[in-house]
Structure formats: C-alpha cells, structure tokens
Number of protein chains: 2
Amino acid sequence: MSIDRRSHTPVYRQMANLIRERIYSGEYPADAPLPSEATLSQEHGVGRDAVRQALALLRAEGLVTTERGERSRVRAALNRAAVELPPGGTAIARMPHDPERVDRDLDEGVPVIEVRHPDGTTEVYPADRTELIRPA
Amino acid sequence: MSIDRRSHTPVYRQMANLIRERIYSGEYPADAPLPSEATLSQEHGVGRDAVRQALALLRAEGLVTTERGERSRVRAALNRAAVELPPGGTAIARMPHDPERVDRDLDEGVPVIEVRHPDGTTEVYPADRTELIRPA
DNA sequence: TACTATTTGTTCGTATGTATA
DNA sequence: GTATACATACGAACAAATAGT
C-alpha cells in the first residue's frame, strides 16, 4: 500500500490507514516504536504535517501513544477486568473531555466507563483497549 | 554578511552561504573546528535547526565534516594522485549511494571515480577535494 | 579511573508562510 | 473561505560521544 496522490482521500488519512494496517498486521508490534515522523515523511514522500495528522488520528483511536522527544509507540494491549454492575445500575462508555483526560492521566483515545449506582453515586473507570483486533 | 530576515532565501541557506564564504576566505582555515552549533546559532540569531541544515548542505558539498561530540571541521585539502586511464578505458565520476559510502568509509560529499577497463573490470577511487577553490 | 562539561544526534511541539483544491 | 499540504523555523528535552580535569 502506498500514497495515491490522485485519490480524493487526504494524504494524512491515507497515511493513517497505511500505518494502521502495519500495526494490525504485526509489522509494527505492540509496544514497539514507530519510525520517526521524519522517517515516515521521507519514506512515503509526504510532508511531516501529513504524518503528524495521521498519528493524531491513530492516537484518537487509541492505537498509538506519543511522548515528546520519543518516537510514537504502538499501544500495548492490556487485559482489564470486566466491570461488575450492581443490580439496577447502569454503565455508560464515553470519551473523557480533555481536562478530564489530563486529570485522570489517560492517554488519548482511551474511553472511560461511568458506572451509575441506584443510590446516585457514580464511579469512572478507564477502558483501555483489551485486544488488538481489526474492528469489523 | 549577515542574515536577512526579509529575504526569500531560507535562513539555513543564508547560513550556509555565510559559513562557506568564511571557509573560502580563510577565516575558518582548513582542518580547524568551526564554532559550535550553539555558538553559531547565538551569534547569528538563528535557531540551531537552521545551523544544522546549513552544515548538512556544506557536508554534502564536501566542505566540512562532522563527528558526534566534536565541532564540525573544515575538510582538509588532500593532494591525491591523478587517476591513470588505460588505453580504451573510461572513467565516470559519481556520488556513492549511502550504504556504499559507509562501506567505503567515505565522508559525505566525496564523489568516487569509477574506472572501467577494456577487459570489463572496474576500479573505484574516492575523489577527495584536492584544492580549496571557489567553483566558477 | 571517574566525573563533568561540551557538543552533536534525535525527536516531538509549535508556529508561520505559501500554494493548491 | 476552508481544508489540505509542504517547507521553513525555533524551541525543548534527552541521548550519546568526546574531551578535559
């Protein structure tokens, strides 16, 4: 797969698709660093900007994490315990808003599960990706 | 000569021109270390990035060499013997590709001369800069 | 030998300008 | 007018190699 300049799909989305496929295929294994933005930029003949926008999409999907000064990494799969629901309780999955995400020290792309008990109290759990499976 | 912020010539190219002139003028003599990147950056009021890009241009031209942990140096002029061409032989000057350059242990910016003999054999010589002369 | 300072290498964050669709 | 795309530019932080004490 490579970048199609004539496609109407923006370059940065094509880049995201390309990197995502390499993650799902195992070419970029979990916890491994991706090539640097500059390397990806050169190898695929696109601007650094397009690479950065692609990585932003993958971060939002929870597939990669990025820290300043380090190459982006494939998010390691975590095995989290299921949330036990109390009788009459409800659970809602949502994305945290940005200050909340920072406050809870969560990576981008990590949804939270908000458990509401019958007595009105609520608890919030991060819902990390549990497996590396291509969404249907 | 100094950096013109209003010029359409990129800052890093202006920096390369500036340093190149100082090399040709003898202000930075052969084999002498240039000022550090940080010094050049501060003295000319440009970012370290611009300095590094300028040095990359000069390396590609074969004017300077850079080693990690040391300041860049003006490439010493070497007096290499002329290549003797056999009757019917041909010679081609070209830049080595990157793995070849590493393999032959050559600095950046050093072309090679490929001598082809009538019998089909070839020899390759590095073609170091022999004099410090402003190209016409 | 060991420690420290200097220096280049790498990398991401951010901003600006320009061009194009 | 907006979104996309690229090049340029600066900053910050850290790693790694070298040199001097």
Side-chain angles (χ1 to χ4, degrees), chain A residues 2-19 28 31-60 63-75 98-99 101-102 107-109, chain B residues 2-19 23 28 31-61 63-75 98 101-102 105 107-109:
Chain A
S2 69
I3 302 300
D4 179 3
R5 242 47 218 237
R6 286 164 304 181
S7 166
H8 288 165
T9 303
V11 172
Y12 74 95
R13 290 187 181 277
Q14 292 186 52
M15 276 300 297
N17 295 342
L18 195 154
I19 297 170
Y28 296 150
D31 224 27
L34 299 178
S36 73
E37 292 172 358
T39 301
L40 288 169
S41 166
Q42 287 165 18
E43 286 184 350
H44 297 98
V46 303
R48 188 186 166 206
D49 220 38
V51 173
R52 287 182 58 74
Q53 285 188 75
L55 291 175
L57 287 179
L58 298 178
R59 272 196 301 276
L63 273 183
V64 306
T65 65
T66 306
E67 281 178 88
R68 187 185 200 132
E70 290 176 42
R71 285 188 263 164
S72 294
R73 285 179 173 278
V74 179
R75 284 265 307 285
D98 208 62
R101 185 181 65 75
V102 173
D107 278 335
E108 290 179 63
Chain B
S2 68
I3 303 300
D4 179 4
R5 240 47 217 234
R6 286 164 303 182
S7 165
H8 287 164
T9 303
V11 172
Y12 74 97
R13 290 188 181 276
Q14 292 187 53
M15 277 301 297
N17 295 343
L18 195 153
I19 297 171
I23 291 174
Y28 296 151
D31 224 26
L34 300 178
S36 74
E37 293 172 357
T39 302
L40 288 169
S41 166
Q42 288 165 18
E43 286 184 349
H44 297 97
V46 303
R48 187 186 166 205
D49 216 42
V51 173
R52 287 180 60 76
Q53 284 190 74
L55 291 174
L57 287 179
L58 299 177
R59 272 196 301 275
E61 293 171 16
L63 273 183
V64 306
T65 65
T66 306
E67 282 178 87
R68 178 178 230 176
E70 291 177 45
R71 285 188 262 166
S72 293
R73 286 178 173 278
V74 179
R75 283 266 306 284
D98 207 62
R101 185 181 65 75
V102 173
D105 196 28
D107 279 334
E108 290 178 64

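Since we're looking at a predicted model, the values are computed, not measured. Each chain gets a letter, A, B and so on, in the order its sequence line appears, and its residues count up from 1. Atoms considered below: every heavy atom in the structure, side chains included; atoms not considered: hydrogens, waters and symmetry mates.
We find that CG of B/D49 is positioned 16 Å from P of D/dA13, with the value rounded to whole Å. What separates CG of B/L40 from P of C/dT6 is a distance of 17 Å, to the nearest Å. Atom CZ in B/R68 sits about 11 Å away from atom C1' in D/dT18, given to the nearest Å. Computed from coordinates, the B/E37 CD to D/dG11 P distance equals 14 Å when rounded to whole Å. The distance from atom CD of B/Q53 to atom P of D/dC6 is 17 Å, rounded to the nearest whole Å. Distance CZ (B/R13) to P (D/dA7): 12 Å, rounded to an integer number of Å. Rounded to an integer number of Å, the gap from CZ of A/R59 to P of C/dC12 is 10 Å. Nucleotide C/dG9 holds its C1' atom 14 Å from the CD atom of B/E70, rounded to whole Å.
Of the N and O atoms on the side chains of B/T66 and B/R59, at least one donor lies less than 3.5 Å from an acceptor on the other residue.
Regarding contacts with the backbone of C/dT7, a side-chain N or O of B/R71 is found under 4.0 angstrom from either OP1 or OP2. Considering only side-chain N and O atoms, A/Y12 lies nowhere under 4.0 angstrom from the phosphate OP1 or OP2 of D/dA5.
A/Y28 is not listed as a side-chain neighbour of A/P33, based on a closest heavy-atom distance of 4.5 Å or more.
Nearest to the side chain of B/R5, among C/dG9, D/dC10, D/dT18, sits D/dC10. Comparing atom distances between the A/T66 side chain and each of D/dC6, D/dA9, C/dC12 picks out C/dC12 as nearest. Which of D/dA9, D/dC6, C/dG13 sits closest to the side chain of B/P10 comes down to D/dA9.
Searching all strands for a Watson-Crick or G-U wobble partner of C/dT20 with both distances below 3.5 Å returns D/dA3.
Heavy-atom neighbours of B/E43 CD from other residues, nucleotides or ligands within 6.0 Å: above the threshold of 12. Annotation: B/D4, atom CG; neighbour count of heavy atoms from other residues, nucleotides and ligands within 6.0 Å is above 12.
Side-chain N/O atoms of A/R48 and base N/O atoms of C/dT14 include a donor-acceptor pair closer than 3.5 Å.
Residue B/G47 is classed as a sugar-phosphate contact, given heavy-atom separations below 4.0 Å to backbone atoms only.
Tested against B/L58, the residues B/V64, B/T65, B/V74 include a single side chain to side chain contact (heavy atoms under 4.5 Å, CB included) partner, B/V64.
Projected onto DNA chain C by closest heavy-atom contact, A/S36 and B/H8 fall at different nucleotides, the more 5' of which corresponds to A/S36.
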